[in-house]
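Note sheet for the following structure.
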Number of protein chains: 2
Amino acid sequence: MVFSRPSGNRTRVAAKDVARLAGVSTATVSRALNSPEQVDPDTLRRVRDAMSKLRYVPHGVARSLRSRRSKMVGAIVPSFDYALYARTTSALQQRLSEHGYSVVLAEHHYELLDELQVTRQLIELGVDAFVFVGVDHDPRLFSLLEDYGRPYVLTWGVDPMRLHPSVGFDNRAATYQLARHLIGLGHRRFGMISADPTGNDRARERGAGVRAALADAGLRLEDSHVQYARISLPSAQQAMERMLALSQRPTAVLATNDVLAVGSMLACRKAGVRIPEDISITGVDNTDLGATQTPGLTSVRTPIIEIGRAAADQLIDRMEGRAFSAIQSLPFELVFRGSIGPGPAASTGKPSAPAKPARKSAAVVRPPATRAKAG
Amino acid sequence: MVFSRPSGNRTRVAAKDVARLAGVSTATVSRALNSPEQVDPDTLRRVRDAMSKLRYVPHGVARSLRSRRSKMVGAIVPSFDYALYARTTSALQQRLSEHGYSVVLAEHHYELLDELQVTRQLIELGVDAFVFVGVDHDPRLFSLLEDYGRPYVLTWGVDPMRLHPSVGFDNRAATYQLARHLIGLGHRRFGMISADPTGNDRARERGAGVRAALADAGLRLEDSHVQYARISLPSAQQAMERMLALSQRPTAVLATNDVLAVGSMLACRKAGVRIPEDISITGVDNTDLGATQTPGLTSVRTPIIEIGRAAADQLIDRMEGRAFSAIQSLPFELVFRGSIGPGPAASTGKPSAPAKPARKSAAVVRPPATRAKAG
DNA sequence: CTGTTAGCGCTTTCAT
DNA sequence: ATGAAAGCGCTAACAG
């Protein structure tokens, strides 16, 4: 086999090799790379020829050490198993890469202490900026960032105290509107499937939105009607099985995201509970997973891609010393599909909330579906 | 607002600060970090105290420059929109991170030239190793890697020439077995929905598997019955619409991955074509997206996570100078669900291929489904 | 076990 | 417009 070379034999082509071949100093090679406009066109050509002849690749590490900028941005996300963070990161990566920045990836699996740990690791690597998911973090994370003194931005939520730059949307409003709509459809007995809200402000805020809407309508969410699950199909399915086993089974279940909602749908199918005739289900995030179910999952289109782009734009502006808007709350919109239907109170003629007409079922095909702007 | 600090004021705590406080030299500080066993326990304690007192974070860039190892691994994937690569990368990241390595992420969106470009960028950053997706790459990529002289591994396929270290599975065999099974079910008229095979060996090999199985059974795949699509639901849906418009509509359609298959299912639903009564559909990759459809999508469980882990393990072994197995072909397995049924020849009593009994429909719930080991 | 010394490859003054 | 020289913060020899 040829895979034997002990990794790193060949002496690398350095700026001084290029300099020698082009008959200039290393300083000029550096200028040719970083500020070509200050180099005599003729010299520039010679240097560039030498570079391509030698297949010179600059040594970014040395550059970073000297210039104190690494051109790397750290992205710290809870997990890539939930596809959304992958898509946001993808958008982030794309935008940053257009400006010559690379993305260093880290996951913390919903452990705030692991987050602290990987952040320290990224600081060691010398990243120029950070992107975090969520607004809930260990206080030590913020003091670490404070010490390091480089830009960071929180995403997927908006810092209620406006202390930290953040790019997200109003998670609470999203589920509030969903719950309100279900109340309008005549539902009175609700259930919720939620991710563990500890250190997870998305879950917490989405739960709060549901509770607020119910409270505003004089309804309550029983503790027994809140089931927690990990963000995975099997775990959500189990949670919904517990819900279905309750004596006072809910007629509408709000899940705090699409994975939990689809897991719930699986439980219903298995138990022979019809959607939406027996039970209405909603998610959040408007994933393909939910949209392609039969019936399609009613959800909230959250600004997945936009968050990544806006976070990248903000950091680029900051790293290059430009003005930037620190707090951005992006719009979302409800997407109605067949997974919800009228509740038992619908026919009794006492709608205790402004009842939008119920979009009954039908739209199983995805993109064009009934939408209600919001945000 | 407080977000004003021009990013990088505060002078960083360096090893010499720790050294001064602990009353040792910087060399000892370095040793305390990198080979504590060579440091007197008492000295070590003093150094560590000083470190935590000063909240010292080592300057990885300087370390990299000097030691010629950056502790970063570059992962170059086609796209994160197709969740699989995200999951493989996640597994990769997790395993590498356990050994102190970080992952730098790059996407090339199925453009081999962009891949070359981002690889150069990662070389500039000084990554210690690379992970690529697929075995098809620009020859210049390989000569660039050769020059750089650091380990890399190809994933999701196995290099047929065994020239490059690779960790994947037999893509051709996967679809071969699927097609053979459908033939056994009595299908004779086939269609295929494929990603553009240009520079995409997964698509190419999966297509070849279908053709080989048909050829072995004396059947042909008409050119008109092969429709290409981008790996996205809407694009696949359109491709399937074209397929359904054919005069000789196929009774079984193999898609080269689950996204394409589910897009095809959407087209069928929209057109009122029943699955599996009118048409059988299969995918590859066994995603949640496919598994949760109604009916569930028959697919191939590919070693998504295992690839990431094995690639990480190989690179770690190589970077640390240990023995490693360069070529690994991991097992896959067929997962039968309700999206396939008997073909027209099933009742005519002339099964031209070993007909496994047709698992009819039913299994809509995911994890436990009929499985056939393979690989 | 610990200190001294040199220098990784680049960018950045400061001259010219 | 270009060159000379000085480090960025660390680790790797080499002494002791």
Side-chain angles (χ1 to χ4, degrees), chain A residues 8-48 50-51 54-72 100 123-128 148, chain B residues 8-48 50-51 54-72 100 123-128 148:
Chain A
N9 252 348
R10 206 184 265 48
T11 55
R12 198 178 161 138
V13 173
K16 75 165 170 304
D17 302 310
V18 176
R20 195 181 309 119
L21 182 59
V24 297
S25 73
T26 60
T28 299
V29 173
S30 174
R31 284 188 202 102
L33 239 26
N34 303 307
S35 40
E37 71 286 356
Q38 320 181 7
V39 177
D40 181 272
D42 201 62
T43 316
L44 187 58
R45 197 183 36 68
R46 271 175 22 245
V47 173
R48 286 189 170 154
M51 281 178 178
L54 297 175
R55 293 197 278 180
Y56 170 62
V57 178
H59 195 298
V61 170
R63 166 185 293 160
S64 299
L65 179 60
R66 180 63 232 231
S67 65
R68 313 174 145 278
R69 303 181 314 116
S70 66
K71 289 276 188 183
M72 298 190 297
I123 289 178
E124 254 190 74
L125 288 185
V127 300
D128 293 339
Y148 190 52
Chain B
N9 251 347
R10 205 184 268 50
T11 54
R12 199 177 160 139
V13 173
K16 74 165 168 310
D17 302 311
V18 176
R20 194 181 310 119
L21 182 58
V24 296
S25 73
T26 60
T28 298
V29 173
S30 174
R31 285 186 203 105
L33 239 26
N34 303 307
S35 38
E37 71 284 357
Q38 318 181 8
V39 177
D40 181 271
D42 201 61
T43 316
L44 188 58
R45 197 183 37 67
R46 269 175 23 243
V47 173
R48 285 187 170 155
M51 282 179 179
L54 297 175
R55 291 197 279 181
Y56 171 62
V57 178
H59 196 297
V61 170
R63 166 186 294 161
S64 299
L65 179 60
R66 180 63 235 231
S67 66
R68 314 173 144 276
R69 301 182 314 116
S70 66
K71 288 281 190 175
M72 298 190 298
I123 289 178
E124 255 190 73
L125 289 185
V127 299
D128 293 339
Y148 189 53

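We use all heavy atoms of the structure for the numbers below, so side chains are in, but hydrogens, waters and symmetry mates are not. We name chains A, B, ... by the order of the sequence lines, and we start the count at 1 in each one.
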If you look at every heavy atom in A:Tyr56 and A:Leu33, which pair is closest and at what distance?
CE2-CD2, 3.9 Å
D:dC10 P sits how many Å from B:Asn34 CG, rounded?
11 Å
Roughly how many Å is it from CG in B:Leu125 to P in C:dG9, rounded to a whole number?
17 Å
Contact check, side chains of A:His59 and B:Leu65, non-hydrogen atoms, under 4.5 Å
yes
Value in whole Å for how far the C1' atom of D:dT2 lies from CZ of A:Arg46:
11 Å
Interatomic distance, NZ@A:Lys16 vs OG1@A:Thr26, rounded to 0.5 Å, equals 9.5 Å
For B:Val39 versus B:Ala32, what's the shortest heavy-atom pair and its separation?
CG2-N, 3.9 Å
OP1, OP2 of C:dC1 versus side-chain N and O of B:Thr43: anything below 4.0 Å?
no
Sorted by number, residues from residues 56-69 of chain B placing a heavy atom under 4.0 Å from DNA chain C are B:Leu65, B:Arg66, B:Arg68
Choose from D:dG3, D:dT2, C:dT4 the nucleotide whose nearest atom is closest to any side-chain atom of B:Ala27.
C:dT4
Could you state the CZ-C1' distance from A:Arg20 to C:dG9, rounded to the nearest angstrom?
14 Å
Under 4.0 angstrom, heavy atoms only, what part of the nucleic acid is B:Val29 near: base, sugar-phosphate, or nothing?
nothing
Any A:Thr26 side-chain nitrogen or oxygen under 4.0 Å from OP1 or OP2 of C:dT11:
no
Grab the CD-P distance between B:Gln38 and D:dT11 for me, whole Å please.
13 Å
Test item: B:Met51 and B:Val29 side chains (from C-beta on) under 4.5 Å apart, heavy atoms:
yes
Considering only D:dA1, C:dT13, C:dT2, which nucleotide approaches the side chain of A:Arg31 most closely?
C:dT13
Round to the nearest Å and state the distance from B:Asp17 atom CG to D:dC10 atom C1'.
13 Å
Could you check whether any side-chain heavy atom of A:Lys71 comes within less than 4.5 Å of a side-chain heavy atom of A:Arg63, counting everything from C-beta outward?
no
Nearest whole Å is fine: how far is D:dA12 P from B:Leu33 CG?
12 Å
Whole angstrom is fine here: how far is it from CG in B:Leu44 over to P in C:dC1?
11 Å
Are B:Ser64 and B:Val61 side-chain neighbours, meaning at least one heavy-atom pair lies under 4.5 Å?
no
